[in-house]
Protein chains: 2
Amino acid sequence: MSTTNSLTVEELGSAAQRDRRKRILDATYALASDGGFDAVQMRAVADQAEVALGTLYRYFPSKIHLLVSALAREFDRNEALIKEMGPIPGDTAAARVIYIMKRTTRGLQGDPKLTEALTRAFMFADSSVAAEIHTVGMSLTTMLTHAMHSGQPTEHAEPTAEDIAIARVIGDVWLSALMAWVTGRSSAAETGAHLETAVGLLLRD
Amino acid sequence: MSTTNSLTVEELGSAAQRDRRKRILDATYALASDGGFDAVQMRAVADQAEVALGTLYRYFPSKIHLLVSALAREFDRNEALIKEMGPIPGDTAAARVIYIMKRTTRGLQGDPKLTEALTRAFMFADSSVAAEIHTVGMSLTTMLTHAMHSGQPTEHAEPTAEDIAIARVIGDVWLSALMAWVTGRSSAAETGAHLETAVGLLLRD
DNA sequence: TCCACAATAGGAACACGTTCTAGATTGCCC
DNA sequence: GGGCAATCTAGAACGTGTTCCTATTGTGGA
């Protein structure tokens, strides 16, 4: 079988390799969803994905890379879902951004263990994971600037520098809030309220 | 020697115990400053503080508690320093806040390994460290609201709810920026610029 | 002073992330 | 089909955070 590998960058490799990669990420997801960060043990992931420990490390050089990659996959899926949704409800930029953030946050809070695992990994990542982190960051920024302009006349214009700055600040607040929630230092309600306040301060049109 | 323990809450215990606690935090600080998070190895801390490993764990139940406690001590010292400084330079709230943030950030960036260790610990902390984290968070918020009003007529009034909300958002941005810097995902200059942008967006008087 | 008992020292033991080794399997080129 | 390089499996081995155990030391009360 001589596949010609006419695939996107992320999907290089043979079918068997893509399959292994998927099995590994699926196992990671399942374990994280069940028991959080601590339950994602490399031996357990390898077992459940039916690969050897060495193979797991060949695909993902560390537990952090593994979890951040799983997070990136989730964000991709979420982004696709939002694109399918069509125009985002809300009359003002603030309302639309809050809508998107709450929607995403609710999705995450619906699977607390998984969120804990992914957020922890994200926060613990060092420069060797910069590429994956950047993917996630861009995805979030894009989502937010898109929400600001959705359904507006300027929808297809490039976001301004200020838009991007605001999106980044909101992303920062969101990460901090998520961190506080994940580590049990604030409730889901407080997290939502804090986010809403921050968006209100940043987007007062 | 029957000391009557007329001490503040944090300093309960005999003189020998307070001394051990100090030796442990000093050793933590020295190791962190030298080699960062990874260099703060519990056996090394115990050796350098001249206590047994079990004793170290009796005083601080985990490496994270240890490092967050060291961070809290640093923040206390920093707060005292700023109080000694008198009025904060700057004509607008934004300018004063930026002054304080840059000053603090510069202090941290002057000891990158230490900052890396303390920030990592802060981000990895779970609810069992909530008390220590809360101390640090309050310290930061106080510092920021103080900067907003320093030298103003309203200096001694209580900060408004909006002030506190703004301070918290700035704190979030600061933590995210610090995280990106610590993990080698952004430079010191980018960190400063991002902070400045955020403060500009939040405090446009 | 002496006794009970808590705190400490010293170090073994265990868990999990990570690395390494040796042999089996697969895929590709001739 | 044969050879060769890459990949995979199975599992041992190692480092560091954490727990546990035993002997020793310090301390406060009778």
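Not measured: the values here are computed from a predicted model. Chain letters run A, B, ... following the sequence lines, proteins first and then strands; every chain starts at 1.
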- Which part of the nucleic acid, if any, lies within reach of B:F60 when heavy atoms closer than 4.0 Å are counted: base, sugar-phosphate only, or nothing? nothing
Rounded to the nearest Å, what distance is computed from the [atom1] atom of residue [X] to the [atom2] atom of nucleotide [N]?
X      : N      : atom1 : atom2 : result
A:R58  : C:dT26 : CZ    : P     : 16 Å
B:R20  : C:dA6  : CZ    : C1'   : 12 Å
B:R120 : D:dG17 : CZ    : P     : 14 Å

- Message: Quick check: on DNA chain C, is the nucleotide nearest A:I64 upstream (toward 5') of the one nearest B:R23, or the reverse? Name the residue that is more 5'.
- Response: B:R23
- Note on the structure: Value for CE (A:M143) from CG (A:N78), rounded to nearest 0.5 Å, stands at 5.5 Å
- Message: Nearest 0.5 Å, please: how far is CZ in A:R73 from NZ in A:K22?
- Response: 6.0 Å
- Take A:W174 and A:T104 through the side chain to side chain donor-acceptor pair (under 3.5 Å) test and state the conclusion after the steps. CA-CA 11 Å; A:W174 189 56; A:T104 304; over 6 Å; no
- Indicate whether any N or O donor in one side chain lies under 3.5 Å from an N or O acceptor in the other, for B:T145 and B:D163. no
- To the nearest 10 degrees, the angle between the two end axes of the helix from C:dT1-D:dA30 to C:dC30-D:dG1 (five pairs per end) comes to 10°
- Query: Does a side-chain N or O from B:Y57 land closer than 4.0 Å to OP1 or OP2 of D:dC20, or not?
  - Reply: no
- Got a sec? Which of residues 34-54 of chain B come in under 4.0 Å of DNA chain C, heavy atoms? B:R43, B:E50, B:V51, B:A52
- Flag the pair A:D172 and A:R168 as a salt bridge only when some basic side-chain nitrogen lies within less than 4.0 angstrom of an acidic carboxylate oxygen. no
